[in-house]
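One structure coming up, written as structure tokens, with questions to follow.
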Number of protein chains: 2
Amino acid sequence: MARLTLEDVGALAGVSRSTVSRVINNESSVRPEVRARVEAVISQTGYAPNAAARSLASNRTGVIGLVIPSHVSNLFEDPYFARLIQGVTLGAKQISSTLTLFLFESEEEEREVSPRVVESGFLDGVIVTATRPGNSLMRKIATTDLPLVAIGRPGIDGVPYVDVDNRAGAFQAASFLRENGYERCGYIGGPLNTSTGEDRLAGFIDGLAEFDSALPNDLRAFGDFSETSGYDAMSELLDHSPDAVFAASDGMALGAIRRIHDAGLSVPDDIAVVGFDGFTVGETSEPSLTTLEQPVSATGSLAVEMLHEILGGRSTPISPSVLPVELIRRASA
Amino acid sequence: MARLTLEDVGALAGVSRSTVSRVINNESSVRPEVRARVEAVISQTGYAPNAAARSLASNRTGVIGLVIPSHVSNLFEDPYFARLIQGVTLGAKQISSTLTLFLFESEEEEREVSPRVVESGFLDGVIVTATRPGNSLMRKIATTDLPLVAIGRPGIDGVPYVDVDNRAGAFQAASFLRENGYERCGYIGGPLNTSTGEDRLAGFIDGLAEFDSALPNDLRAFGDFSETSGYDAMSELLDHSPDAVFAASDGMALGAIRRIHDAGLSVPDDIAVVGFDGFTVGETSEPSLTTLEQPVSATGSLAVEMLHEILGGRSTPISPSVLPVELIRRASA
DNA sequence: CGCCAACGATAGAGCGCTCCCAATAATGAA
DNA sequence: TTCATTATTGGGAGCGCTCTATCGTTGGCG
């Protein structure tokens, strides 16, 4: 069967195109009786409005984009992105939008694809994960009038964003370790050109400072959030005999634990380990992981909500939202 | 600046709408000189065609959907879906399409959202992960004329699909274990109402049969592919003292190992373990995991390719594609 | 009984693009 | 030189929807 149009449905229901349109868009001023008649025809015929025509006429598409810039696609084994996508999907569903996904593998790809995406009017708005403050793609999008919300601190003025409280979380990790008597606390961080990398380091340093201790350079090592990078970073730290380590991701924390075990030491007796993420892997690891749980899925949903508000045409600027993280105490510290 | 239209660009270049359209769509019969002039204007102005208008006129959207039915969203911690999405994204990029993601959390949601998706003409085609043969959503889509490719054996006639060779992989696992002298091989499977669950069990049984051994019922246990379900399943098997276990996912294999360790036994000395997936977690586990590596990302890309062929209007039906899996021998067996 | 308001429903005019056909220019053959 | 033929180009007609201005009805009220 050929696809039905509004006009067809109208003919079947004995009303005009416009009336059917009103029924579909739930506008008032349709007599209940007429509305019922039209709705009956719609459900009988299984009519569904043509998305393209609707977008063309209304200038809205009901589609939002989730952009994950190039430098993270390797990290895709990280449950973080899976959860984030899940959260965004959830949020999108709530506002009856569909989600399109843009993963980039190189900056070149970003340059190539983004105009097509940004300028084509295909998207009502876009959410960009801001792993690197000042990311060029985001900067470019910010100059257009495409509604934009960042996930993570974007480092660009005027871009609304939602982030988790990395700083407070890391601060809490430091306090926790010091309060439990650990003296030589080491740090395994993420890349410093990411906002999470920066913030967690800063928070940890602040937290230690609160207890009048510092974070010497030789007790700092950096990875890329992955297990193996945590393992390698721990190798460096071992030379400087820490009695505790805070890793900026669960993955790195587990890598660190593996390295500690390989050195014949025990966790937490010889070295305590605290992670950051709160993923399920930490529940079943040996020992189970003390970690800071961040609400990843909620972050995604909230970003969509913020975008929705912007799309709704609110004029006052939206202030950033920073979600709390929570210390989950398990066996590793 | 207001958004430019074809007409505007034409005016700037001194040609008509139609000519600009031809240039953009790379059609022949435009004088090179004119083409250059138009292209100059386009790049100067940053003009990008309006996606909705284009779709409306051409009846193609350049959008494909990836549908993940309800019953798997819990399993989202599983790297499988992350990789699959990555592969599909890659494939989509290759054919200059954008990817939209549909995750469902309940069958009700499927029923509710799917008409909007399927009938609105918003998608050129759709890829559905077929975790359960005969899934109702897929069955419904199959009756429409929306081009469809399944990932995994769909259990519906005439639906083209791409799958990994679960059967051969499990067969290989059985052979491997028997050849290495293991006598009492246990099995930890996925849900039997999934095609992977079915196929891996069948292949394993066949493989054992090749060595004149059977798979008694008390050496079978089932989980949902997750780590914890593997742990629980292993608890059941332990009562029947297997000397080897084949788990239908890496996650369950790791859970099984944890359970074995908790029982004070060693892997592989007391009980050997073989997984299925080939994810990176198995590289760093203790002991590292012998497993069957499946090409997840390639599966996704290939599905897109198949869809593309269908969209290209080939008339001959497309035959299913089954990708090989490979045994990676590490330390656990 | 007539007038006006309020409501309900309709038709017209696009949205920006593709597709098709007609018009024009350019080319070559006779 | 002229006419047929081909290579380019332009314009019209929609694609199916939304939005706005308009028209017809009904009902309340003086």
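The structure displayed is predicted, hence computed values, not measured ones. Numbers restart at 1 for each chain; the letters A, B, ... are given by sequence-line order, proteins then strands.
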> Between B:Val34 and B:Ala57, who's closer to the 5' end of DNA chain D by nearest nucleotide?
Replying inline: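 Its nucleotide being nearer the 5' end, the pick is B:Val34.
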>> Given C:dA9, C:dT18, D:dT9, identify the nucleotide with an atom nearest to the side chain of A:Arg22.
In response: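 Taking heavy atoms from C-beta onward, the closest nucleotide is C:dA9.
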> Which whole-number value in Å describes the distance from B:Asn25 CG to C:dC20 P?
Replying inline: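 Checked: the CG to P distance equals 13 Å.
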> Looking at B:Tyr47, does any N or O in its side chain come under 4.0 Å of the phosphate oxygens OP1/OP2 on C:dG16?
Replying inline: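 So the side-chain polar atoms of B:Tyr47 never come under 4.0 Å of the phosphate oxygens OP1 or OP2 of C:dG16.
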> At under 4.0 Å, does any side-chain N or O of A:Ser16 touch on OP1 or OP2 of C:dT10?
Replying inline: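 Yes.
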> Any side-chain heavy atom of A:Arg54 within less than 4.5 Å of one from A:Arg60?
Replying inline: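 SC-SC contact between A:Arg54 and A:Arg60 ruled out.
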> Touch check for B:Arg60, heavy atoms < 4.0 angstrom, all strands: base, sugar-phosphate only, or nothing?
Replying inline: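 If one applies the 4.0 Å heavy-atom cut-off, B:Arg60 turns out to touch the sugar-phosphate alone, with no base involved.
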> Can you find a heavy atom in the side chain of B:Pro69 that is under 4.5 Å from one in the side chain of B:Arg132?
Replying inline: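 They are not in side-chain contact.
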> Mapping B:Leu56 and B:Pro32 onto DNA chain D by nearest heavy atom, which one lands closer to the 5' end?
Replying inline: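 Residue closer to the 5' terminus by nearest nucleotide: B:Pro32.
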>> Quick check: do A:Thr98 and B:Phe102 have side-chain heavy atoms less than 4.5 Å from each other?
In response: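 SC-SC contact between A:Thr98 and B:Phe102 confirmed.
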>> Less than 4.5 Å apart, side chain to side chain, heavy atoms only: is that true for B:Glu305 and B:Gln94?
In response: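 In short, these two side chains do not touch, never coming nearer than 4.5 Å.
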> So does A:Ser55 get a side-chain nitrogen or oxygen closer than 4.0 Å to the phosphate oxygens (OP1/OP2) of D:dC17?
Replying inline: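 For D:dC17, OP1/OP2 do not have a side-chain N/O of A:Ser55 under 4.0 Å.
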>> Rounding to an integer number of Å, can you tell me how far B:Leu6 CG sits from C:dC19 P?
In response: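 Between P of C:dC19 and CG of B:Leu6: 12 Å.
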>> Output the rounded distance in Å from CG (B:Asp8) to P (C:dG16).
In response: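 Whole-Å distance recorded here is 9 Å.
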>> Please report the distance, rounded to the nearest Å, between CG in B:Leu4 and P in C:dC17.
In response: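 Rounding to the nearest Å, CG of B:Leu4 and P of C:dC17 are 9 Å apart.
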> Once you round it to whole Å, what is the distance between P of C:dA26 and CD of B:Glu33?
Replying inline: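 Answer to the nearest Å: 11 Å.
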> B:Arg17 has an atom CZ; how far is it from atom P of D:dA13, in whole Å?
Replying inline: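 So the CZ-P distance, B:Arg17 to D:dA13, works out to 11 Å.
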>> Within the 4.0 Å heavy-atom criterion, would you say A:Ser18 contacts the bases, only the backbone, or no part of the nucleic acid?
In response: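 Answer is base: heavy atoms of A:Ser18 come under 4.0 Å of a base.
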> Considering all heavy atoms of both residues, which atom of A:Pro324 and which atom of A:Pro295 are nearest to each other, and what is their separation?
Replying inline: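 Minimum heavy-atom separation between A:Pro324 and A:Pro295: O-CD, 3.4 Å.
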> In whole Å, what is the span from the CZ atom of B:Arg54 to the C1' atom of C:dC15?
Replying inline: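 Rounded to the whole Å, the gap is 16 Å.
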> Whole-Å distance between D:dT26 P and A:Arg31 CZ?
Replying inline: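 So the CZ-P distance, A:Arg31 to D:dT26, works out to 9 Å.
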> Using a cut-off of less than 4.0 Å, is there contact between a side-chain N or O of A:Ser21 and OP1 or OP2 of D:dT18?
Replying inline: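 Yes.
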